[in-house]
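The structure under discussion appears below in the form of C-alpha cells.
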There are 2 protein chains.
Amino acid sequence: MASRTVLEREQTWTIAQIAEEFAITHRAVRHYEELGLISPERRGTIRVYHRRDRTRLALILRGKRLGFPLEEIRTIIDLYDAPRGRRSQLEYVLAQIDERRADLEARRRDLDEALAELDTFEARCRADLKA
Amino acid sequence: MASRTVLEREQTWTIAQIAEEFAITHRAVRHYEELGLISPERRGTIRVYHRRDRTRLALILRGKRLGFPLEEIRTIIDLYDAPRGRRSQLEYVLAQIDERRADLEARRRDLDEALAELDTFEARCRADLKA
DNA sequence: ATCCTGCTTTACGTTAACGTAAACGTCAAG
DNA sequence: CTTGACGTTTACGTTAACGTAAAGCAGGAT
C-alpha cells in the first residue's frame, strides 16, 4: 500500500465519484447546483466537491424521499448553515424549525395511520386464508 | 327541522361538494378519475359520488402527502378492494403488503432522523441564544 | 323564451425534476 | 498527434399533476 499523506489536507471528490456514490446522475447533481442546493468549488472550469457538499446531498436525497420539493429542501438545508449570529436571526431560525417539525410530525401521523391500516388489512387477508 | 328519510338510502355527493370538502379542485377530482383512482357512478352524464369514492379520495390525498406518485397510489388502493378470492390472489396481496410496509418503514426512518436532527439543531440554537 | 348556475368534454398551457443530445475543452496514454 | 476518458455548457424533450380557457348541454328561476 502506498503511504498516505500525513496531513490529510481535506479530501475532495469529482462529479463522477459523487454521482456514483449517491447513485444519481451527473445531470441531477448539476441540477441541484443550478437550484442553489449545493455549490461545489471550481478549479478552473471543473467542479470539486468537499465533505460539505456530500452532507448536503445526503440531506437533499432524504428530503426527496420524504416528498419535499427541491426548492423547499433548499430553504431547509440553508437553515442548517445559516450564520446563526444575531439574536433576531436565531429567533427566526427557531421559528422555522418549529414549522418544519410540525410538518414532519404531520407526515409521521399519516405514515403511522397508513401502517396501521396495512396491519389490519393484512389480518383480514390472513383470516381469509384460513377460511 | 325537516324530517329525514327514514330509510337513509345511501347518501351521495356532487363533484362540487366533494371538491369543497377535500379542498381540491373539480379538475383534480376528474384527473384522479382519468387515472383510474376513483370511478364515480354516472347518472346520465353527471358524476355521482358515494362513500366508497370518499374513502378512496382520503387515501389518495394521504398518499400524496406522503409523496407517492398517483400511479403508485392507484395500485395501492386497488389492493384494498381487490377481490380477495383465490388463495394465489391472497398470497400475492400479502406479498404486496410486505413491500408497502417496507417502503413506509424506510420513510419513517428517514422522518425520524430528520426530526432528531431538527432537535439537536434547535438545541445548538438555544445554546447560542444564551451565550 | 332567456338567463343563470352547475356540470360536461376537449384541449392546450405550466411547473418540477430531471433526461438526452450536441458540441466543445483537456489532459494523459498510445 | 490523435484517441479516449471525463469534464463543461447550452438547449430542447419528457413525465407528472394538474391549471386554465373554450364551448356546450340541462334544468330551474325570472
Side-chain angles (χ1 to χ4, degrees), chain A residues 2 11-50 53-54 56-78 103 107 110 114, chain B residues 2 11-50 53-54 56-78 103 107 110 114:
Chain A
Q11 188 178 358
T12 64
W13 292 265
T14 140
I15 194 172
Q17 295 171 319
I18 291 289
E20 159 86 50
E21 203 175 325
F22 287 89
I24 57 184
T25 66
H26 315 54
R27 182 62 178 90
V29 177
R30 293 202 195 90
H31 183 57
Y32 300 150
E33 182 179 347
E34 283 174 23
L35 299 190
L37 287 137
I38 45 182
S39 34
E41 184 196 338
R42 291 291 182 127
R43 272 182 204 153
T45 166
I46 282 179
R47 277 166 254 252
V48 177
Y49 296 84
H50 294 242
D53 301 307
R54 295 162 50 88
R56 289 197 146 228
L57 251 174
L59 289 173
I60 292 167
L61 295 184
R62 195 175 63 197
K64 285 202 50 174
R65 289 195 302 268
L66 292 175
F68 290 99
L70 291 178
E71 284 291 345
E72 193 167 347
I73 294 179
R74 183 169 58 78
T75 77
I76 298 174
I77 66 184
D78 277 352
D103 195 342
R107 271 161 200 261
D110 275 333
Chain B
Q11 188 178 356
T12 65
W13 292 265
T14 139
I15 194 171
Q17 295 171 319
I18 291 288
E20 159 85 50
E21 203 175 324
F22 287 89
I24 58 184
T25 65
H26 318 54
R27 182 64 178 89
V29 177
R30 293 202 195 89
H31 183 58
Y32 300 150
E33 182 178 348
E34 284 174 22
L35 300 189
L37 288 139
I38 45 182
S39 34
E41 183 197 339
R42 291 289 183 126
R43 270 180 205 154
T45 167
I46 282 179
R47 278 166 253 254
V48 177
Y49 296 85
H50 294 242
D53 301 306
R54 295 164 48 89
R56 289 198 146 228
L57 252 175
L59 288 173
I60 293 167
L61 296 184
R62 195 174 62 196
K64 285 202 50 173
R65 288 195 302 267
L66 291 174
F68 290 99
L70 291 178
E71 283 290 346
E72 194 166 347
I73 294 179
R74 184 168 57 78
T75 78
I76 298 176
I77 67 184
D78 276 353
D103 195 341
R107 271 161 200 262
D110 275 334

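By the 6.0 Å and 45° rule, A:R107 stacks over the aromatic ring of A:F68.
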Each nucleotide N or O in nucleotides 15-17 of chain C that has a protein N or O under 3.5 Å away: list the pair and distance.
| residue | atom | partner | partner atom | Å |
| --- | --- | --- | --- | --- |
| C:dA17 | OP1 | A:L70 | N | 2.8 |

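Taking atom CD of residue A:E20 and atom P of nucleotide D:dA5, one finds them 17 Å apart after rounding to whole Å. Here the P atom of nucleotide C:dC7 and the NE2 atom of B:H26 are 6 Å apart, to the nearest Å. Rounded to whole angstrom, the span from the CD atom of B:E34 across to the P atom of C:dA11 amounts to 12 Å. Separating the CD1 atom of A:I46 from the P atom of C:dA28 is a distance of 11 Å, rounded to the nearest angstrom. Between the CZ atom of A:R30 and the C1' atom of D:dG7 there is a distance of 7 Å, rounded to whole Å. The separation between A:R42 atom CZ and D:dC6 atom P is 19 Å, rounded to whole Å. Distance B:W13 CH2 to C:dG6 P: 20 Å, rounded to the nearest Å. As rounded to whole Å, 8 Å separates atom C1' of D:dG7 from atom CD1 of A:I15.
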Can you list the steps and then say if B:I73 with B:L59 is a side-chain contact (heavy atoms from CB on, under 4.5 Å)? CA-CA 8 Å; B:I73 294 179; B:L59 288 173; 5.9 Å; no

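At distances below 3.5 Å, at least one donor-acceptor pair connects side-chain atoms of B:Q17 with backbone N or O atoms of B:T14.
Of the candidates C:dG19, D:dG19, D:dT8, D:dG19 carries the atom nearest the B:R27 side chain, counting heavy atoms from C-beta on. Closest approach to the B:T45 side chain among C:dT8, D:dG7, D:dT8 is made by C:dT8 (side chain taken as heavy atoms from C-beta onward).
Remark: A:R65 pairs with B:D110 by the side-chain hydrogen bond (donor to acceptor under 3.5 Å, both in side chains) rule, at least two apart or across chains.
Phosphate contact (OP1/OP2 of D:dC6, side-chain N/O of A:T14, threshold under 4.0 Å): absent. Between A:T25 and C:dC18, a side-chain N or O to OP1/OP2 separation shorter than 4.0 Å is absent.
Residue A:E20 qualifies as open at atom CD: its count of foreign heavy atoms under 6.0 Å is 12 or below.
Listed here is the closest heavy atom pair of B:R62 and A:A114: NH2-CA, 3.5 Å.
For A:E33 and A:R30, the salt-bridge test fails: no basic side-chain N is under 4.0 Å from an acidic carboxylate O.
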